[in-house]
Amino acid sequence: MKKDAKIYVAGHRGMVGSAIVRELMRQGYTNIITRTHNELDLTRQEAVERFFADEKPEYVFLAAAKVGGIVANSEALADFMYENMVLEMNVIHSAWQNGCKKLEFLGSSCIYPRLAPQPMKEDCLLTSPLEKTNEAYALAKISGLKYCEYLNRQYGTDYISVMPTNLYGPNDNYHPTHSHVVPALIRRFHEAKVQGLPHVTCWGDGSPLREFLYVDDLANLCVFLMDNYSGNETVNAGTGKELTIKELTGLVAKVVGYGGEIRWDTSKPNGTPRKLLDVSKAKALGWTYRTELEDGLRLAYEDFLGNPMRAER
């Protein structure tokens, strides 16, 4: 991408989109266009078509999505499927109709089968059933990446997909029930510390294994792939390292400075037993992550402390 190329970042107020904007600016890109949800509702086809016809962006990072943790996904299956599928199709289709040079679609590692061989390679997609708790979201994301692939095959476009592992970092969502595991733990331990609570109860038994990637590292990969990768198969984005939820919980408590007891509610679901990405493809392309987990958690906690709206999100 030329430094003055017109680049549209969809979802620029979210954790991933805002990180991509930061990375583009850091690398000297000067023509970044964005729209808030109030300015452009990506689920409205006519509005999206008008935007693309007027702006004609050369490159698109599609980071917009309806996202949430295990509770939100389980309670709003229809909403997660509909909103994500509609906004993806609107953006990707309008980009193609208006001659977008290249589009990058942001997915999620939950697209891979629940019991996929570990670590999960890109080619294990659709080889066995998905995790039921986030099946609706996963199906929407699979549809988006497949639509990119089919446009490439049918019309010769250069649309690519990247599948991140669990993300965390600046501008995360700290909602008490609808957030992902890292921001949820940061908020819970912070509030317990402030209130002097003797113990904190966490979901499940702490045994699932998870991988975590600092969001600014993902943004660096996203820009790298836009310049260095073309292909129908997605690219995994992760660290290639994992730890148990119990280990993660202890690490977050340490970073926050909470010294009370951690209890486990085994009546609550664990989710997928293990989710580790095979990141050899990204490494072969010449990219690797930079931020170790404890360092990233400290940065995330600093962001939480400096976010005055955290209680409302």
Side-chain angles (χ1 to χ4, degrees), residues 9-12 14-17 19-20 42 59-70 72-73 80-93 95 102-114 116 119-131 133-152 157-169 173 180 210-213 215 217-226 229-239 271-272 275-279 281-282 285 287 289:
V9 180
H12 75 285
M15 178 172 63
V16 174
I20 291 173
L42 296 179
Y59 299 91
V60 173
F61 289 88
L62 180 43
K66 179 180 176 66
V67 298
I70 192 169
N73 271 280
F80 271 85
M81 186 170 195
Y82 175 79
E83 291 185 33
N84 283 297
M85 195 171 288
V86 169
L87 75 83
E88 291 164 9
M89 294 299 162
N90 285 344
V91 172
I92 298 168
H93 187 71
K102 193 164 188 174
L103 179 145
E104 184 174 294
F105 174 71
L106 275 292
S108 165
S109 60
C110 71
I111 65 165
Y112 294 126
R114 182 177 188 272
M120 299 182 287
K121 289 182 176 289
E122 289 86 353
D123 61 7
C124 75
L125 181 65
L126 296 174
T127 55
S128 61
L130 299 164
E131 162 64 33
T133 56
N134 56 25
E135 183 180 68
Y137 180 73
L139 286 170
K141 287 296 185 181
I142 291 169
S143 297
L145 74 89
K146 282 295 182 182
Y147 187 46
C148 289
E149 175 189 335
Y150 299 153
L151 284 171
N152 290 347
T157 52
D158 187 9
Y159 292 179
I160 61 173
S161 300
V162 56
M163 295 301 124
T165 189
N166 300 287
L167 301 169
Y168 69 99
N173 173 15
H180 287 104
R210 291 291 182 271
E211 174 186 19
F212 296 92
L213 179 67
V215 71
D217 288 357
L218 170 66
N220 179 258
L221 173 61
C222 287
V223 177
F224 174 86
L225 291 175
M226 194 68 102
Y229 178 71
S230 294
N232 291 328
E233 190 176 71
T234 189
V235 178
N236 287 340
T239 63
T272 305
K275 280 204 313 183
L276 178 65
L277 292 180
D278 184 313
V279 295
K281 187 173 183 177
L285 290 167
W287 183 89
Y289 79 99

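In this chain, residues are counted from 1 in sequence order.
Taking the side chain as every heavy atom from C-beta outward, L218 and L167 approach each other to under 4.5 Å. Side-chain contact between H180 and Y168 is absent, with no heavy-atom pair separated by less than 4.5 Å.
The two residues Y159 and C148 come nearest to each other via the heavy atoms CB-CB, 3.9 Å. For the residue pair L277 and M163, the shortest heavy atom distance occurs at CD1-O, 3.5 Å. Scanning both residues, T165 and S109, for their nearest heavy atoms gives CA-OG, 3.8 Å. Counting all heavy atoms, side chain and backbone alike, T239 lies closest to L213 at CG2-CD1, 3.9 Å. Looking at every heavy atom in both residues, C222 comes nearest to L106 through SG-CD1, 3.7 Å. Taking both residues in full, the closest heavy atoms of A10 and L62 are given as CB-CD1, 3.9 Å, listed atom of the first, atom of the second, then distance.
Of the N and O atoms on the side chains of K102 and Y229, not one donor lies less than 3.5 Å from an acceptor on the other residue. With no hydrogens or angles considered, a side-chain donor-acceptor pair links N236 and Y112 at under 3.5 Å.
Considering only residues two or more places apart in sequence or on other chains, S108 meets the side-chain contact (heavy atoms from CB on, under 4.5 Å) condition with C110, Y137. For N90, the side-chain contact (heavy atoms from CB on, under 4.5 Å) test picks out Q45, V48, V86, with sequence neighbours left out.
With S128 contributing its side chain and P113 its backbone, the two residues share no donor-acceptor pair below 3.5 Å. For N166 (side chain) and E211 (main-chain N/O), a donor-acceptor pair under 3.5 Å exists by modelled atom type. In this structure a side-chain-to-backbone donor-acceptor pair under 3.5 Å is missing from S143 to M85. Checked by atom type and distance alone, the side chain of S161 never pairs as donor or acceptor with a backbone atom of T234 at under 3.5 Å.
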* Going through the checks in order, is the side chain to side chain contact (heavy atoms under 4.5 Å, CB included) test met by L221 and M226? -> CA-CA 9 Å; L221 173 61; M226 194 68 102; over 6 Å; no
* Mind running salt bridge (charged side-chain N to carboxylate O under 4.0 Å, His left out) on K281 and E233 for me, showing each step along the way? => CA-CA 10 Å; K281 187 173 183 177; E233 190 176 71; 2.9 Å; yes
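Judged by the 6.0 Å distance and 45° axis criteria, K66 is positioned over the aromatic ring of F80.
Within a 6.0 Å radius of CZ in F224, other residues, nucleotides and ligands contribute more than 12 heavy atoms.
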